[in-house]
There are 2 protein chains.
Amino acid sequence: MKILIVDSDIEHNRVISIHLKKSGFDVVESETGKIGWRSVQSEKPDIVLIDCTLSDSSGSALLYKIRGKKRLRKVAVILFATNSDEDSQVRALDSGADDFMLKPFSPRLLEARVNALIRRLHLIFDNADLANRGSNGGDLSKGWSVEYGDVRINAESHKLFLKGLRADVSPTEFNILYFFMHNPDVAFTREQILKEVWGDNIVVEPRTVDQHIRRIRATFKIYGCSNIIVTVRGVGYMFEQLN
Amino acid sequence: MKILIVDSDIEHNRVISIHLKKSGFDVVESETGKIGWRSVQSEKPDIVLIDCTLSDSSGSALLYKIRGKKRLRKVAVILFATNSDEDSQVRALDSGADDFMLKPFSPRLLEARVNALIRRLHLIFDNADLANRGSNGGDLSKGWSVEYGDVRINAESHKLFLKGLRADVSPTEFNILYFFMHNPDVAFTREQILKEVWGDNIVVEPRTVDQHIRRIRATFKIYGCSNIIVTVRGVGYMFEQLN
DNA sequence: ACTTATTGTGACAATTTAATAACAAATAGA
DNA sequence: TCTATTTGTTATTAAATTGTCACAATAAGT
């Protein structure tokens, strides 16, 4: 397990680092947010520890950069702060941190929290096969039914109900809906949609997605359902769970 | 998402429960470790909150039981304790808890930590098993959001809320806001903003930033929000965290 | 007050992006 | 087979976003 520490407090840095190394972790250190950002990308750590009070850029800015990269979503992040009110603690967690610790803390406690995180990460790897069986085919046959407002979709029977009435949609339209309904309130690019619904290695023009969305919308309109698939300008489309 | 609370402190129990329910969680309560153990098996919660100081059996004993059952490995556990030294905190985490919180804490903080855990759970299931959680679920995909005063912004859904109401902004405006909200109280030059928001190698007149700021401000005005983006004369602009 | 530097404003053109429509290719059903 | 449906591509249209400028307003310095 590789841990990256981003902390400008060199003394604190050293204490933690030594302790973690002694416990068998692979430890890398950065003193500034800038270097930290580079290290995150090059070193590919499993866990990143960030001090919120960095000299050049705030820790939460680094966190936000990390969370912005899809490739880095899996890395776990623990934030530190020296003196913080509850608000900033909540904010830190809400903006994507996995844990938050108030300085000063003992290396032992840090290690305990790091280990707790690792246990979760292990579950991810254990379930990797589950997660990877994505996109095409297998995924769709599972699961029961999902319902949001007027829309109910049933995977097994491949049926779509609008306001309780059976509505007819083509297979691709169904798949798109199925995908969207399992990811409400997340905007996807056309490319992402293609990848998720069509499959990884299928080449289709991104604009094709527009057509299918259009057809789905038309069907919805017939049944008097409100626009459930919203276009997010500059991004793509999103299934919006009302309100 | 279903949460089971095991806590003999009824008052505390109630406060937490109400808050979590309001946030869309499915909440079940138990007052003793014995009942709690039965509930864990029957209710199949996603997350269990345990107060370490239960009347009949200690919380860590319940945790131990849960971790012993293979079927229950996946459930996340957060432990509470009223007055505990660091040692017991470490012990709690080492014996399998996902998180540990010192009482008293505000419901908001609890929710933030619960959400942090859920994000991890989501990564584990990676859109695949979410089908089974189905329909009624509150907003599972809350995603990463930042909030200051009247302003809340959500990266995944690309949504901006002002005073709780959905506000419409263009992509660039959104990006600027998103950037600013992750770097509160830091003044940036137009050049810096361009670099951060537009990208490294894109050539745009610095004064263009003014226009976007203007449009953002106009939107804020409509919703009666105070000037959040302040101009710093001679430098550029800054997102000011009100206080 | 005058001058200068800096920012706000409004109008407009250029650009980007999405909705629409029409059509060809592929697929499946009878 | 033939037909109807589904699917993907492309061109056109419509709409929204964006960048730029000239100029007004404002602040700062002398």
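Heavy-atom basis, side chains included; hydrogens, waters and symmetry copies ignored. All chains are named by letter (A, B, ...) in the order of the sequence lines, taking the proteins before the strands, and each is independently numbered beginning at 1.
Sequence order on DNA chain C of the closest nucleotides to B:Arg217 and A:Asp210 puts B:Arg217 first from the 5' end.
For C:dG10, the OP1/OP2 oxygens have a side-chain nitrogen or oxygen of B:Arg214 closer than 4.0 Å. Taking 4.0 angstrom as the limit, A:Trp198 places a side-chain polar atom (N or O) nearer than this to OP1 or OP2 of D:dG8. At least one side-chain nitrogen or oxygen of A:Thr208 sits closer than 4.0 Å to the OP1 or OP2 atom of D:dT9. The phosphate of D:dG19 (OP1 or OP2) has a side-chain N or O of B:His212 nearer than 4.0 angstrom. Dashed line: the shortest gap from a side-chain N or O of B:Arg190 to OP1 or OP2 of C:dT6 is not under 4.0 Å. OP1 or OP2 of D:dT7 sits under 4.0 Å from a side-chain N or O of A:Thr172.
As rounded to whole Å, 15 Å separates atom C1' of C:dG8 from atom CD1 of B:Ile229. In this structure, CD1 of A:Ile213 is placed 17 Å from P of D:dT6, rounded to the nearest angstrom. Going from atom CG of B:Leu194 over to atom P of D:dG19 covers 9 Å, rounded to whole Å. What separates CD1 of A:Ile216 from C1' of D:dT6 is a distance of 13 Å, to the nearest Å. Protein atom CG of A:Asn175 is 14 Å distant from nucleotide atom P of D:dT6, rounded to whole Å. Spacing between atom CD of B:Glu205 and atom C1' of C:dT15 amounts to 16 Å, rounded to whole angstrom units. For B:Met238 and C:dT7, the CE to C1' distance is 16 Å, given to the nearest whole Å. Taking atom CD1 of residue A:Ile193 and atom C1' of nucleotide C:dA18, one finds them 13 Å apart after rounding to whole Å.
Between B:Tyr237 and B:Ile176 there is no side-chain heavy-atom pair separated by less than 4.5 Å.
The pair B:Asp26-B:Lys21 does not meet the salt-bridge criterion, since no charged nitrogen lies less than 4.0 angstrom from a carboxylate oxygen. We find that A:Glu11 and A:Arg14 are joined by a salt bridge, their nearest charged nitrogen and carboxylate oxygen being less than 4.0 Å apart.
The two atoms that bring A:Ile153 and A:Tyr178 nearest to each other are CD1-N, 3.7 Å, heavy atoms only.
Contact of B:Gln211 with C:dT9 (side chain to base): a donor-acceptor pair of N or O atoms is detected under 3.5 Å. Between the side chain of B:Arg233 and the base of C:dT6 there is at least one donor-acceptor pair of N/O atoms closer than 3.5 Å. Judged by distance alone, with hydrogens and angles left aside, B:Arg215 brings a side-chain donor or acceptor within reach of the base of D:dG19, the pair sitting under 3.5 Å. If you check distances only, the side chain of B:Arg207 does reach the base of C:dG8 with a donor-acceptor pair under 3.5 Å.
Nucleic acid contact for B:Ser170: sugar-phosphate only, since backbone atoms but no base atoms lie under 4.0 Å from a heavy atom of the residue. Within the nucleic acid shown, A:Tyr237 comes within 4.0 Å of sugar-phosphate atoms alone, with no base atom in reach, counting heavy atoms only.
A:Asp85 and A:Ser88 are linked by a side-chain donor-acceptor pair at a separation below 3.5 angstrom, with hydrogens and angles left out of the test.
Between B:Phe239 and B:Phe188, the distance separating the two ring centers is not shorter than 6.0 angstrom.
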